[in-house]
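Scroll down for the structure; my scribbles are underneath it.
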Amino acid sequence: MSHEDEGWLEGGIREVLIRPEEIAARVQELGRQISLDYAGRELVMIGVLKGVLFFMADLLRCVTVPVEVDFLAVSSYSHKNDRQGGVRLLKDLEISIEGRHVLFVEDMVDTGLTLNYLLRNLQARQPASLEVCAFLNKSKNRLMEIPLKYRGFDVPDRFVVGYGLDYREQYRNLPFIGLLKGDRL
Ligand code: IMP
Ligand code: MG
């Protein structure tokens, strides 16, 4: 059955950008690479709620080294014109990451402001190592240089939804990455 048959497109999606099969294959590759890179070490995977929900869940099941999981939540208002940051921590970690190998997992890196703020915050807690894994990367609007060790897909400068990513809290449940009908061409 194609996704067109499932009625998603009627619900405001213009086009499927990344299909579920492509997502699954890429996540498996990332999981394999992470498992190789962290062989013999214990990992702490930290995700940013809520967009990272599906990616993190799928990625975790492809990682074969011992791994602990924790989450952060940040305020998600637009801050494209606020280069000072404008990021606020709504939920902090529950576990200590001091001396631990931390892999920070994000749904999307756009300007990089959110990630830059969070990486500085985490680095101050003195982890043994700190790397970043982003599911999607939009490099066109990047304002801060971000060391992205792992990335799922590069996407164009368009607003995308699905697989955890939302537009006004909707569309997170789509099994694919799609473009909204209202998005400019
Ligand atoms: P940054 O600080 O500009 O890198 O913001 C990244 C955050 O903005 C991501 O974690 C997403 O939550 C959100 N975001 C950026 N682009 C999109 C998009 O195309 N769809 C949905 N959320 C997005
Ligand atoms: Mg996010």
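Along the sequence shown, the residues carry numbers beginning at 1. As the structure lists them, so they are numbered: ligands from 1, and atoms in each ligand from 1.
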Legend entry - Shortest non-hydrogen contact from Pro147 toward Glu145: CD-O, 4.1 Å

Inset, instruction - Give a yes/no on ligand 1: does Leu115 have at least one heavy atom closer than 4.0 angstrom to it? - result: no

Inset, instruction - Number the atoms of ligand 1 from 1 as they appear, then name those within less than 4.0 Å of a heavy atom of Thr114, with their elements. - result: 1 (P), 2 (O), 5 (O)

Legend entry - Heteroatom distance test (Asp166, ligand 1): nitrogen or oxygen, under 3.5 angstrom: no

Legend entry - Test item, Arg158 contacting ligand 1 (heavy atom, 4.0 angstrom): yes

Inset, instruction - Identify, by atom number and element, the atoms of ligand 1 in contact range of Lys138, meaning under 4.0 Å from any of its heavy atoms. - result: 16 (N), 17 (C), 18 (C), 19 (O)

Legend entry - Option whose closest heavy atom lies nearest to atom 20 (N) of ligand 1, chosen from Leu179, Leu165, Val160: Val160

Inset, instruction - Would you please indicate yes or no on a ring centroid separation below 6.0 angstrom for Phe135 and Phe54? - result: no

Legend entry - All side chain to side chain contact (heavy atoms under 4.5 Å, CB included) counterparts of Lys140, not counting sequence neighbours: Asp157

Legend entry - Heavy-atom gap Val161 to ligand 1 smaller than 4.0 Å: no

Legend entry - Backbone or side-chain N or O of Gly112 under 3.5 Å from ligand 1 N or O: yes

Inset, instruction - List the steps and the verdict of side-chain hydrogen bond (donor to acceptor under 3.5 Å, both in side chains) for Asp166 and Gln170. - result: CA-CA 5 Å; Asp166 74 306; Gln170 292 296 313; over 6 Å; no

Legend entry - For ligand 1, the portion of Thr111 having any non-hydrogen atom under 4.0 Å away: both

Legend entry - Side-chain (Asn141) to main-chain (Thr111) donor-acceptor, under 3.5 angstrom: no

Legend entry - Those atoms of ligand 1 less than 4.0 Å from some heavy atom in Phe159: 17 (C), 18 (C), 19 (O), 20 (N), 21 (C), 22 (N)

Legend entry - Distance in Å, Asp154 CG paired with Asn137 CG, rounded so as to fall on 0.5 Å steps: 4.5 Å

Inset, instruction - Within a distance under 4.0 Å of any heavy atom of Glu106, pick out the atoms of ligand 1 and give their elements. - result: 10 (O)

Inset, instruction - Would you confirm whether Ser75, through its side chain, and Val87, through its main-chain N or O, come within 3.5 Å as a donor-acceptor pair? - result: no

Inset, instruction - Could you pull out, from Asp107, Ile146, Val155, Asp157, the option with a heavy atom nearest to atom 11 (C) of ligand 1? - result: Asp107

Inset, instruction - Evaluate the criterion side chain to side chain contact (heavy atoms under 4.5 Å, CB included) for residue pair Leu118 and Leu89; output intermediate values, then yes/no. - result: CA-CA 9 Å; Leu118 291 174; Leu89 208 59; 3.9 Å; yes

